[in-house]
Amino acid sequence: MTTIRDNLQSVSTRIDVACAAAGRAPGSVRLLAVSKTFGPDAVREAHAAGQRAFGENYIQEAVEKMAALDGLDAEWHCIGPVQSNKTRLVATHFDWVHSVDRVKVAQRLSEQRPNGLPPLQVCLQVNMDAGPNKAGVEPAQAADLARAVALLPRLKLRGLMSIPEPASDPAAQLAVHRQTRALFDALRAAGLEMDTLSMGMTADLEAAIHAGSTMVRVGTAIFGSRARPAAS
Ligand SMILES: *Cc1c(COP(=O)(O)O)cnc(C)c1O
C-alpha cells in the first residue's frame, strides 16, 4: 500500500522532472496539497512528511478541519467558490485565496481581514476556456479586477488561478495553460505586480509546468481518489 508520504515523494519527482524538461529551475514550482474531503489525519500525515501548504474547496469543512488541527504549522489556501456570505470565514481562517473573481467579494475580504493577521494573499480565478464551469473572471475583465484588488489594503495580489475543463490530450492541456500564462505576462507588462500562476492538478501538472505554472494544486495523486465529486 502506498502512503501519503510515498505519494508526496512521487508528486515532487513529477514536478522536478517537469521542471527539468521545461528548462526551469528545480524548486520554481510550489506544491499545494489539496486535502478537500479528507480528514485531519490525512493532513497530519502529509504534514509529518514535510508538506506545509494545503488547499481546501469547501469553506465550512476546511474551518472544522483547521480547528481539529489547532496549532499545526500549516498554510491554508482557499481554492473553492467564495460566496459573499462566506467571506468572513475565509478572511479569518485562510492565508491565501485563489478563487477571487468579483470586486465585491474582494472588498468584503479586505474589510473582514483581521488586523492582527498579515494581508490575505490573493489569486484571481480566470475563466480561461469559458467551460461549463462558469466560475472565474472573463480574461478581458481580469486587468480591471486586478487593479481593483491591488488597491485593497488588506489584500495582497499574487497572481492568477485557472481550472481548465479536463482534457486528456496533453496538447489541449498545454494550449489552455499557455493562454493563462499569456494573460499573466500581459498583466505584469501592464504594471501589475504578480508572482504566482496557480495552475495544474493531478492530471495536467506537467503541461501546466511547461506553460509556466508556479504552483500546482494536487489532490488525487497525494491523498487518493475522493468519495465526493470535486464540484462544490
Ligand atoms: C479538487 C481540486 C484540485 C485537485 O484536483 P486533483 O485532480 O485531485 O489533483 C485542484 N484545484 C481545484 C480548484 C480543485 O477543486
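Both ligands and their constituent atoms are indexed starting at 1 by order of listing.
- Judged purely by distance below 3.5 Å, without hydrogens or angles, the side chains of Gln112 and Thr87 pair a donor atom with an acceptor atom.
- Residue contact check: Ile79 has heavy atoms under 4.0 Å from atoms 11 (N), 12 (C), 13 (C), 14 (C) of ligand 1.
- Defined by atom type and a distance below 3.5 Å, a donor-acceptor pair is missing between the side-chain atoms of His177 and His210.
- The distance from ligand 1 to the heavy atoms of Arg217 drops below 4.0 Å at these ligand atoms: 4 (C), 9 (O), 10 (C), 11 (N), 12 (C), 13 (C).
- Among the atoms of Gly219, some N or O lies under 3.5 angstrom from an N or O of ligand 1.
- The Val218 neighbourhood of ligand 1 comprises atoms 9 (O), with distances under 4.0 Å to a heavy atom of that residue.
- The line from CZ of Phe94 to CD of Gln121 is 14.5 Å long, rounded to the nearest 0.5 Å.
- Contact between Arg226 and ligand 1 is present, with at least one heavy atom of the residue lying under 4.0 Å from the ligand.
- Below 30°, between 30° and 60°, or above 60°: for Phe54 and Trp76 the angle between ring planes is between 30° and 60°, a tilted geometry.
- Close approach of ligand 1 to Thr220 (heavy-atom distance below 4.0 Å) involves ligand atoms 6 (P), 7 (O), 8 (O), 9 (O).
- Note that OG1 of Thr202 is 7.0 Å distant from CD1 of Ile222, once rounded to the nearest 0.5 Å.
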